Amino acid sequence: MTMIQEINFDGIIGPSHNYAGLSLGNIASSTNAGEASYPREAALQGIAKMRNNIGLGLAQGFFMPLDRPNMSWISSLGTTLADAEPHIRAAAYSASSMWAANAATISPAPDCKDGRCHLTVANLQTMPHRSHEWPGTFTQLRTAFANQDHFVVHTPVASPFGDEGAANHMRLCSSHEAAGIEIFVYGKTGGPFPARQHIEASKAVARKHGLATNRVIFVQQSEKAIAAGAFHNDVVAVANEQVLFAHEEAFEHREDFYAELREKFPQAEIITVPADKVSLNDAIKSYLFNAQLVTLPDGGGMALILPTEAKENEAVWSYLEQLVAGNGAIRELCPVDVRQSMANGGGPACLRLRIVTDPQLVDQRFMATPEKLDAIAEVVGQYWPETISPDQLADTGLLANIQEARQKLLKVCGLMELDG
Ligand code: SUG
């Protein structure tokens, strides 16, 4: 008997977390470029979020940070860490794999023709610092989801089609274990900022996963949202079970999309946040949609696990308070402090990859318990750098510290095979 449920796998924030301003179109990344980062505090904030989720009765997993700086990437560019130009060095050092929502797109077993859960690793090819994540991510996912009777881990979609994974994918279903409708959100190039998700990549993922065509929707993200700084769909929309919670300006052809959704999934409950209550700018600043919309156990309804920035924005918070008072599906608001990640444009939902499966089928080394999180927090407290300013990335002492820190973490989690 399998017990299918949603598991959130969070990327543990790596010891090289820094603010190098690498992501054009990501307002927080550009605004904080050059600031000092606090990797230890960042990782502890992420761990506290996981602890909170376990406290809510949710299943929780984690992924290891990737090996950074990526020496083989830098040598493939014909240079060395010492000689590289600062933007290349920073790209090699980036801790961006923390944003696990960009690791892969997941189709749970009930949606797939062969009855297995399919994962396609994202190529992340639009941003140089993210384009070299996929080999490490692929190895890690193949380890965590090694049971081939139940999981298929695909290599990324080929160039030139950009794919940014689950951040541009939503699933609606009557309950997690039932077959769902999968929504792929893509962008069109032409605006001031790159559109990172190409429709051809989304279509390829749907085909590779063996999804039924009448249970898939491809929808264009609004050009206005991308131009305002919503570089992924999960900055302006989130879904869980039968609920879609989205900003009025999230999609290019909203009414057409809603009509298709209602036709394919009549039970859909669509909550549209009007722009005159919460502007697109407030939505992007507060990251209210970059919430984990989760189903609480024992009939507790749904909760939004949001960044504290959402609470600090008056328009956003008063809208949310009215929403939960209204006796609808969303009943609770749980703010969490992930400021270090937020300063690079990554909220609570960016930090996690949702996988709907039976936790027993996952390699248990990737499943979180309060005790394991204590052990991880101890390693972080002892080995993660307290602070990094981008000009320190040329410092060889920092390099040794970062490499040692990751090794200690792999060791405590019994995952030394991911070394290198
Ligand atoms: O890809 N930031 C990430 C944030 C990813 C957020 N993920 C989701 N929305 N799911 C990005 O833009 C900034 C790195 C820097 O500037 O140093 C960065 O990569």
Side-chain angles (χ1 to χ4, degrees), residues 8-11 13-14 16-39 42 46 63 65-66 68-70 86-106 122-134 137 162-170 185 187 193-197 221 225-226 228-239 250 283-284 286-293 306-307 338-354 388-393:
N8 285 280
F9 287 83
D10 280 42
I13 299 177
S16 68
H17 161 62
N18 71 91
Y19 300 124
L22 300 175
S23 272
L24 176 68
N26 169 342
I27 310 291
S29 155
S30 308
T31 310
N32 294 304
E35 294 288 324
S37 64
Y38 292 87
F63 295 130
L66 299 182
R68 295 293 178 264
N70 187 338
H87 67 283
I88 296 294
R89 189 185 297 120
Y93 256 113
S94 179
S96 52
S97 68
M98 71 175 82
W99 298 297
N102 304 117
T105 305
I106 317 298
N123 63 29
L124 292 167
Q125 65 165 37
T126 306
M127 295 291 159
H129 68 290
R130 305 212 63 178
S131 66
H132 58 97
E133 275 176 45
W134 78 261
T137 300
D163 178 20
E164 304 257 333
N168 296 316
H169 174 261
M170 302 183 286
V185 186
F193 297 140
R196 301 206 211 171
Q197 182 74 37
Q221 189 181 4
I226 298 178
F231 53 95
H232 290 136
N233 171 66
D234 68 3
V235 176
V236 280
V238 59
I284 290 167
S286 69
Y287 259 42
L288 97 113
F289 294 100
N290 201 257
Q292 292 181 244
L293 178 58
L306 320 118
V338 287
R339 285 181 197 279
Q340 281 290 309
S341 167
M342 281 287 286
N344 246 340
C350 300
L351 286 164
R352 64 93 169 92
L353 184 65
R354 292 193 273 195
I388 300 179
S389 62
D391 55 8
Q392 267 178 285
L393 296 179

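Read the numbers this way: they start at 1 and go in the same order the structure lists the ligands and their atoms. Just so we're clear, the structure is a prediction, and the values are computed from it rather than from any experiment.
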the protein heavy atom lying closest to atom 6 (C) of ligand 1 turns out to be Cys350 SG, 3.3 Å
Per-atom contacts of ligand 1 with [X], taking only distances under 4.0 Å to non-hydrogen atoms:
X: Ala167; answer: 10 (N)
X: Ser29; answer: 13 (C), 15 (C), 16 (O)
X: Arg196; answer: 1 (O), 11 (C), 12 (O)
X: His232; answer: 7 (N), 8 (C), 9 (N), 10 (N)
X: Gly345; answer: 4 (C), 6 (C)
X: Gly21; answer: 15 (C), 16 (O), 17 (O)

Kindly say whether [Y] contributes a backbone atom to a donor-acceptor pair with the side chain of [X] at under 3.5 angstrom?
X: Ser30; Y: Asn26; answer: yes
X: Asp163; Y: Ala122; answer: no
X: Tyr19; Y: Gln340; answer: yes
X: Ser29; Y: Gly345; answer: no
X: Ser37; Y: His17; answer: yes
X: Asn344; Y: Asn18; answer: yes
X: Asp234; Y: Asn290; answer: no

Applying a 4.0 Å heavy-atom criterion (strictly less than), which segment of [X] is in contact with ligand 1: side chain, backbone, both, or neither?
X: His17; answer: neither
X: Asp234; answer: side chain
X: Ala101; answer: side chain
X: Asn344; answer: both

Closest candidate by heavy atom, reference [atom], pool [options]:
atom: atom 7 (N) of ligand 1; options: Asn233, Asn18, Asn102, Asn168; value: Asn102
atom: atom 12 (O) of ligand 1; options: Ala20, Ser23, Ala343; value: Ser23
atom: atom 19 (O) of ligand 1; options: Met127, His129, Arg130; value: His129

When Glu133, His129, His132 are each screened for side chain to side chain donor-acceptor pair (under 3.5 Å) with Asn70, the one that passes is His132
Would you check, one step at a time, whether the test side-chain contact (heavy atoms from CB on, under 4.5 Å) holds for Phe63 with Asp10? CA-CA 6 Å; Phe63 295 130; Asp10 280 42; over 6 Å; no
Nearest heavy-atom approach of Phe9 to Ala100 is O-CB, 3.8 Å
**Asked** Any N or O of Trp99 that comes nearer than 3.5 Å to an N or O of ligand 1?
**Response** no
Heavy atom of Asn32, distance to ligand 1 below 4.0 Å
no
